[in-house]
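For the numbers below, each heavy atom of this structure counts, side chains included, while hydrogens, waters and symmetry mates do not. Just so it is clear: chains get the letters A, B, ... in the order the sequence lines come, proteins before strands, and each one is counted from 1. Since the model is a prediction, treat every value here as computed from it, not as a measurement.
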Amino acid sequence: MQSAIAHAHETHGHDSHGDHAHHHDVSFIRKYVFSTDHKVIAKQFMLASLFFLFVGGLFALLIRWQLAYPGEAIPLIGNILPDTWVSDGAVTANFYTQLLTLHGTVMIFYVIIPLAVGMFGNFCIPLMIGTDDMALPRLNMYSFWLVPPAGLIMLTGFFFDSGTAAAGWTGYPPLGPSSGAGQTTWLISLFLIGFSSIMGATNYMATILNKRAKGLQMFQMPLTVWGLFITAILITLGTPVLAAAISMQLADQYLHTSFFMPDNLLVGAPDNSLVTGAFIQNGNQLLEHKQLLGGGGQPILWQHLFWFYSHPAVYIMILPGMGIVSDVLSTFARKPLYGYKAMIFAIMGIAFLGFIVWGHHMFQSGMNPLLGTTFMLSTIVIAVPSAIKIFNWLGTIWRGNIRFTAANMNALAFIATFIIGGLSGVFMASAPVDIYIHDTYFIVAHIHYVLFGGALFAIFSGIYYWFPKMYGKMLNESLGRKHFYWSFVFFNLTFYPMHLLGVGGHMRRIYNPYIYEFLQQYQPMNQFITIAAIILGFSQFILIFNILWSLKYGKPAPRNPWQANSLEWAAPAHPGHGNFDSDIRVYRGPYEFSHPDRESDFYPQWEEPQGVESHSHEAKEHSHSA
Amino acid sequence: MSSGLSLAHEPVTKVPHGKLAMWIFLASEIMFFTGFFGAFIVLRNSNLELFSHSAAELTKGLALLNTFILIGSSLTMALSILNLEKGNTGKFKLFLGLTILCGFGFLIVKTIEYSTKFNHHIFPWTNVFFSFYFLMTGFHAIHVIAGMIPMTYMFIKAFTKKGYNHPVKVETLGLYWHFVDLVWIFLFPVLYLIFPAH
Amino acid sequence: MSGHHPDSKSMFDSYIKVASALFVLTVLTWVAALDWVPKSWGEAGNTLHIAIGLLIAIVKAYMVFYVFMHLKFDNKFIRAFVFVPIFLFFVLTFALNVLGP
Amino acid sequence: MSFDFSKAMEWAYKDMLTFFPENVSTFGSELDSLFAMIYYASVAIFFLTYAILIAFIIMYRHQEGRKAYYYHGNNLMEFTWTLLPTFLFAGIGLWSDDAWTKSKYAYKVPNPDVTIDVLGYQSGFGWQFRYPGPDGVFGKKDRNQISSANPFGIDSSDSHGKDDLVIISPGGARPVEVHLPINKNVLVNLSSNDVLHSFFLPNFRVKQDAVPGQWIKVWFNGTKAGRYEIACAELCGSGHYNMRGLLIMDSQQDYDAWLDQQYKIVKPELSAPVSDTTAIAAATSDSTTTKN
């Protein structure tokens with residue numbers, strides 16, 4: 001697997017220019033499919049991820065339908081789905097666990113990470129640091145082209161007789177390794193997408209460190225770039241641990257090893273003849289021939305390794321969003337970002353702490369309670385940098401001159417939802433409170449407030465903000481606002497009540513909650529959530545329609561439609577290969593809005609200072625002392 | 001550059017892109033093996049007896065031989081870079097060839113080691129220790145192979161008319177190769193040696 | 001092009017020196033792992049074996065990093081790519097080893 | 001499909017804290033008040049930040065000719081809003097640590113009044129309980145003797161194990177029913193032989209994963225007689241939703257009477273615990289047909 005890296009070296013340094021020389025007569029395939037242009041790759045990431053967003057959203061709606069109307073046929077599609085998935089048009093218990101597994105996996109690994117990191121990382125980094133392309137363009141291309149096969153492998157599981165992975169997106173052993181071929185495809189797929197992430201992240205870091213435009217200091221980079229830079233560090237250091245854990249689980253499945261299996265486990269023989277669903281029918285007979293495993297392993301070991309990656313992964317998903325929101329807010333409030341350096345240190349703090357708090361996912365897992373105390377304290381500390389960020393965003397719009405574009409509305413929605421998501425996180429950080437709400441819908445509400453309300457609104461904001469630079473066309477603002485209003489309202493109606501369900505004790509990943517007497521009263525509430533979720537799902541078509549409509553009929557975008565300061569707006573309206581049509585030199589930080597000495601309310605990074613040199617110098621000093 | 005712009009200037013850090021990316025990738029590789037070593041330590045502590053007498057069954061002599069081979073290959077790799085930087089292509093080819101040879105030697109010894117294990121009915125599923133042994137040495141061997149592929153490419157290229165004159169690329173590959181050696185430096189005592197032979 | 005390498009003669013010398021040291025240390029690891037600790041030491045003898053084995057490995061790793069991989073000559077910030085993962089290694093193994101109840 | 005809008009909207013009029021199921025354990029009230037404390041603090045912070053956010057959005061909305069205030073921030077403010085949350089969260093942390101020690105450190109309950117073993121199991125999806133029997137002592141456990149006939153791995157050579165009372169699911173959709181006395185410290189040794197489960201007693205604020213290969217101690221002290229549900233909170237396969245059990249909290253007398261009665265019923269089988277493997281097979285095959 002290193003050969004990809006090794007080959008990519010060929011593209012570095014001096015001969016990377018070779019590509020540019022003949023970019024006029026490249027074939028269609030080289031230009032749009034196997035392109036090394038970071039902007040094309042960003043669009044490819046966007047396209048792939050929007051497809052997976054659709055798929056993952058569909059899974060979510062099927063799950064919701066089952067929770068609202070258990071046993072009732074799914075409307076429209078219920079009767080055309082194959083028998084392995086549904087019975088009498090209603091989702092089976094086995095298919096339900098597959099759906100919840102794949103919903104989580106697809107949304108995290110194939111939607112949020114590729115959108116936040118793959119798409120914005122690729123599009124924004126070279127443009128915002130004022131360079132022509134990534135440090136290693138060909139490596140960048142490989143990193144995208146691992147995604148489609150990985151995604152296909154992930155989805156093929158559905159067509160196996162035994163179904164796809166059904167051990168939750170966390171794939172906890174022994175359930176994971178003891179299930180069938182679906183788990184294998186799941187593991188392989190994660191391994192590939194993880195490798196793609198590492199290749200991408202390596203490239204981002206090399207690009208940011210090495211290819212900044214003349215005069216651009218690290219502490220003059222926009223927050224988006226900072227967010228992506230720290231994210232790349234998290235990916236490089238976290239993902240390989242997951243890769244190691246995945247290899248071990250694969251070995252447990254196919255080499256019959258027992259890294260995660262204790263002695264005398266009465267669980268399915270690792271020859272894949274057994275899937276969890278088939279257990280019941282074979283009953284006792286199976287129990288007997290199951291004692292095949294070598295033993296000596298520990299199930300909790302997987303959880304440690306998994307969360308050692310997956311907790312930082314939460315920040316992998318949210319940090320780029322935080323960066324995007326900072327830029328969008330500052331631009332549309334026409335005001336410098338409040339506390340630029342404090343924001344960067346907060347991101348660094350979150351990233352560092354992110355590596356030492358993973359145990360808070362495991363308070364009830366049976367690890368040493370003493371370790372629980374340690375992890376609780378470190379987790380609670382992580383709330384501080386998050387609070388700093390919120391206050392700084394509020395400080396940014398304070399005394400601003402706020403323009404309510406669709407991009408800015410989504411950015412404001414990000415703050416609004418992140419406040420709720422952050423506050424609900426404090427409940428779980430407190431280990432004793434977590435005893436009760438762990439594995440309930442409270443957690444589901446929290447993760448969706450952070451990842452849908454947080455990451456996805458930030459991504460929407462970024463799409464509205466950078467679409468003009470991506471395609472050279474403006475998105476339709478009024479459709480954008482409609483999309484925002486529908487999404488925001490129904491997002492809250494979908495996920496806020498889940499907190500209440502959680503407090504009511506409603507477990508997550510439950511096929512039919514109404515088996516339990518104490519949950520029967522919550523069926524009307526589940527129905528309400530489902531209807532809100534369906535509307536939320538369908539609201540996203542406004543975005544899709546807007547993109548398609550604007551590509552054809554949208555107004556041509558000017559070079560700098562938002563009158564923003566950062567370097568990407570110095571590029572032509574629809575930049576080609578090589579990005580810029582003039583040399584870029586950077587004179588100041590990215591947030592010089594409403595400078596008192598200037599007529600216009602923005603002062604681009606690339607604009608040469610005129611008149612008194614000392615003024616801009618002073619401004620720069622000022623921004624640094626913050 | 002087509003348009004005469006100077007956007008692609010000297011690397012800011014003065015470290016070439018590929019080499020910088022390789023270091024970042026190696027950081028990531030350290031974390032990959034961290035996962036294995038961490039798991040190894042945990043399961044070792046809960047299965048001390050088992051690990052102790054299982055380790056006694058490994059062939060230490062072959063591992064020692066392999067350690068020498070890898071250290072030697074690291075040296076030849078370093079020397080080949082040094083010679084290419086000096087423009088000494090003949091010696092460059094000699095040392096690169098030796099490095100490849102060492103890689104093959106390592107793999108052959110590894111194969112002998114594995115087949116002895118199989119003959120003694122020791123497989124990855126025999127017990128947790130051997131699971132670790134096969135998985136960790138297996139991944140290490142995959143890394144060796146992955147390093148040898150571009151190395152062979154460079155070696156063959158060096159014999160063409162144009163020759164191969166990219167010292168930075170060889171240096172970058174060298175970083176990787178030394179890292180593979182480094183992993184072995186830890187695998188050797190951890191798997192083979194530090195269990196006293198009771 | 002990468003940092004301030006000393007001239008190739010002294011590089012050659014240090015390569016040879018390091019490689020010889022690595023060979024010697026490997027033999028030393030081997031010798032240290034022999035059963036020379038009196039049985040009566042019990043657990044302490046075990047720990048001693050592990051400590052010596054790992055210590056030698058760390059010294060070897062240091063030499064490979066600093067000389068073969070040029071950390072000694074290259075831009076200092078590259079050291080972060082080594083030290084940060086090593087720090088995380090300790091975090092992970094520390095936490096993992098207080099696993100069970 | 002039916003949808004009663006007014007019923008579905010009931011949540012909107014209710015305070016979050018009213019959703020808790022009734023608490024019937026000693027430490028439960030402390031966990032609940034900790035939740036309430038964080039909740040009130042969160043609500044306060046929520047209203048504060050939202051008030052500021054909305055006020056700023058309205059006050060500083062775009063107006064022609066207005067220029068925003070050129071200001072890069074202020075270190076004193078940064079310092080303040082770093083420190084304030086730190087104190088708040090440190091307070092929560094300290095209080096939490098106390099409650100955590102009390103509820104989770106089972107070894108701090110050295111002399112439990114009742115000790116039982118609990119196993120989650122996947123073939124049929126349910127719970128297995130083991131009481132020490134009339135001699136009040138559990139038989140030794142031996143992992144090597146675990147089999148489907150002897151899920152607890154009771155050591156056949158230990159005489160204490162002969163009278164151990166094992167209660168398994170009665171089969172069909174009926175949940176397993178066990179009794180425990182009120183106002184007694186109950187210690188549960190929790191494990192599993194197949195996959196992870198999580199022993200969840202909503203009314204007792206107890207939740208603990210059952211991990212194969214590990215016996216984890218959980219404790220609680222029920223304060224009110226009644227019939228409470230046992231749930232599984234960790235995905236354990238497609239029948240995960242179906243792991244319902246019933247825990248009946250009795251007075252000591254009723255509990256003793258029940259124990260006696262159970263012992264009489266199960267006694268013929270006690271010499272070889274759960275030797276009737278067909279019972280398990282029947283139980284497991286029945287439970288596939290679940291009521292909705």
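- Going from atom CD1 of D:I92 over to atom CZ of A:F427 covers 8.5 Å, rounded to the nearest 0.5 Å.
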Residue pair D:K7, A:F528: steps toward the side chain to side chain contact (heavy atoms under 4.5 Å, CB included) verdict: CA-CA 9 Å; D:K7 248 189 139 177; A:F528 177 88; over 6 Å; no
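- Only the backbone of D:I230 comes within contact range of chain A, with heavy atoms under 4.5 Å apart.
- Both the backbone and the side chain of A:M525 come within contact range of chain D, each with at least one heavy atom under 4.5 Å from a heavy atom of that chain.
- Remark: D:M16 CE to A:Y496 OH distance equals 4.0 Å, nearest 0.5 Å.
- Two residues are said to be in side-chain contact when any heavy atoms from C-beta on lie closer than 4.5 Å; A:V503 and D:F35 meet this criterion.
- Of the listed residues (D:R66, D:M77, D:R205), the greatest number of heavy-atom pairs within a distance under 4.5 Å of chain A belongs to D:R66.
- Heavy atoms closer than 4.5 Å to chain D are found in the backbone of A:A167, but not in its side chain.
- Ranked by non-hydrogen atom pairs under 4.5 Å with chain A, the options D:V218, D:I57, D:T101 are led by D:I57.
- In terms of heavy-atom pairs under 4.5 Å with chain D, the best-connected choice from A:T101, A:I380, A:L501, A:T97 is A:I380.
- Between chain A and the options D:E234, D:M9, D:M59, the largest number of non-hydrogen pairs under 4.5 Å is found for D:E234.
- The six-membered or imidazole ring of A:W398 lies near that of D:Y69, with a centre-to-centre distance under 6.0 Å.
- A 4.5 Å side-chain heavy-atom check between D:Y50 and A:I419 finds at least one atom pair inside the cut-off.
- You'll find the side chain of D:V206 stays beyond 4.5 Å of the side chain of A:I435, heavy atoms only.
- No side-chain heavy atom of A:P336 sits under 4.5 Å from any side-chain heavy atom of D:Y71.
- Counting heavy atoms from C-beta on, the side chains of D:R227 and A:E517 come closer than 4.5 Å.
- Among all heavy-atom pairs drawn from A:G400 and D:Y60, the shortest one is O-CB, 3.4 Å.
- Both the backbone and the side chain of D:T86 have a heavy atom closer than 4.5 Å to some heavy atom of chain A.
- Of the atoms belonging to A:L370, heavy atoms from both backbone and side chain fall under 4.5 Å from chain D.
- Only the side chain of A:A387 comes within less than 4.5 Å of a heavy atom in chain D; its backbone stays farther off.
- With a 4.5 Å cut-off on side-chain heavy atoms, D:F46 and A:I420 count as touching.
- Heavy-atom distances place the backbone of A:A333, and not its side chain, under 4.5 Å from chain D.
- The structure places CD1 of A:I390 at 7.0 Å from OG1 of D:T49, a figure rounded to the nearest 0.5 Å.
- When each of D:Y228, D:Y39, D:F5, D:W95 is checked for heavy-atom pairs under 4.5 Å with chain A, D:Y39 comes out on top.
- From A:I510, atom CD1 reaches atom CG of D:L235 across 9.0 Å, with rounding to the nearest 0.5 Å.
- Between D:N242 and A:N512 the shortest side-chain heavy-atom distance does not fall below 4.5 Å.
- No other option in A:S430, A:P513, A:G502, A:S424 has as many heavy-atom pairs under 4.5 Å with chain D as A:S430.
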Pair A:N401, D:H62 - check side chain to side chain contact (heavy atoms under 4.5 Å, CB included), show working. CA-CA 5 Å; A:N401 190 16; D:H62 178 69; 3.5 Å; yes
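- Closest non-hydrogen pair, D:F3 versus A:P524, comes out as CE1-O, 4.4 Å.
- Both the backbone and the side chain of A:N392 come within contact range of chain D, judged by heavy atoms closer than 4.5 Å.
- Atom CZ of D:F79 is surrounded by 12 or fewer heavy atoms from other residues, nucleotides or ligands within 6.0 Å.
- Heavy-atom distances place both the backbone and the side chain of A:F363 under 4.5 Å from chain D.
- Considering NZ of A:K335 and NE2 of D:H72, their distance stands at 9.5 Å, rounded to 0.5 Å.
- Residue contact with chain A, scored on non-hydrogen atoms closer than 4.5 Å, involves the side chain of D:E229 exclusively.
- No other option in D:I52, D:L88, D:L53, D:T18 has as many heavy-atom pairs under 4.5 Å with chain A as D:L53.
- Heavy-atom pairs under 4.5 Å with chain D were tallied for A:I529, A:L412, A:T92; the largest tally goes to A:L412.
- D:S103 approaches A:P432 most closely through the heavy-atom pair OG-CB, 4.5 Å.
- Highest contact tally toward chain D, considering only A:G505, A:P596, A:G395, is held by A:P596 [criterion: heavy-atom pairs under 4.5 Å].
- Between D:G93 and A:L377 the shortest heavy-atom distance is CA-CD2, 4.3 Å.
- Proximity to chain D is limited to the backbone of A:F593, based on heavy atoms less than 4.5 angstrom apart.
- When side chains are defined from C-beta on, D:Y241 does not count as touching A:Y516, because their heavy atoms never get closer than 4.5 Å.
- Neither the backbone nor the side chain of A:F332 has a heavy atom closer than 4.5 Å to any heavy atom of chain D.
- The choice from A:Q527, A:Q521, A:Q98 that makes the most heavy-atom pairs within less than 4.5 Å of chain D is A:Q527.
- Taking chain A as the reference chain and counting heavy-atom pairs below 4.5 Å, the highest number among D:P85, D:A90, D:P212, D:A99 is found for D:P212.
- Annotation: maximal heavy-atom pairing with chain D below 4.5 Å, among A:M507, A:R399, A:M376, occurs at A:R399.
- Only the side chain of A:F442 comes within contact range of chain D, with at least one heavy atom under 4.5 Å from a heavy atom of that chain.
- Contacts of A:I388 with chain D are made by both backbone and side-chain atoms, with heavy-atom separations under 4.5 Å.
- Listed here is the closest heavy atom pair of D:P202 and A:F518: CG-CZ, 3.4 Å.
- For chain D, the nearby parts of A:S594 are the backbone and the side chain; heavy atoms of each come within less than 4.5 Å.
- A donor-acceptor contact shorter than 3.5 Å is absent between the side chain of A:Y436 and the backbone of D:F204.
- A distance of 6.5 Å separates CZ of D:F56 from CG of A:L394, quoted to the nearest 0.5 Å.
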Does the pair A:T373 and D:W100 meet the rule for a side chain to side chain contact (heavy atoms under 4.5 Å, CB included), with working shown? CA-CA 8 Å; A:T373 307; D:W100 174 248; 3.5 Å; yes
Does the side-chain hydrogen bond (donor to acceptor under 3.5 Å, both in side chains) test come out yes or no for A:Q364 and D:K104, once each step is laid out? CA-CA 9 Å; A:Q364 320 312 332; D:K104 210 68 175 185; 2.5 Å; yes
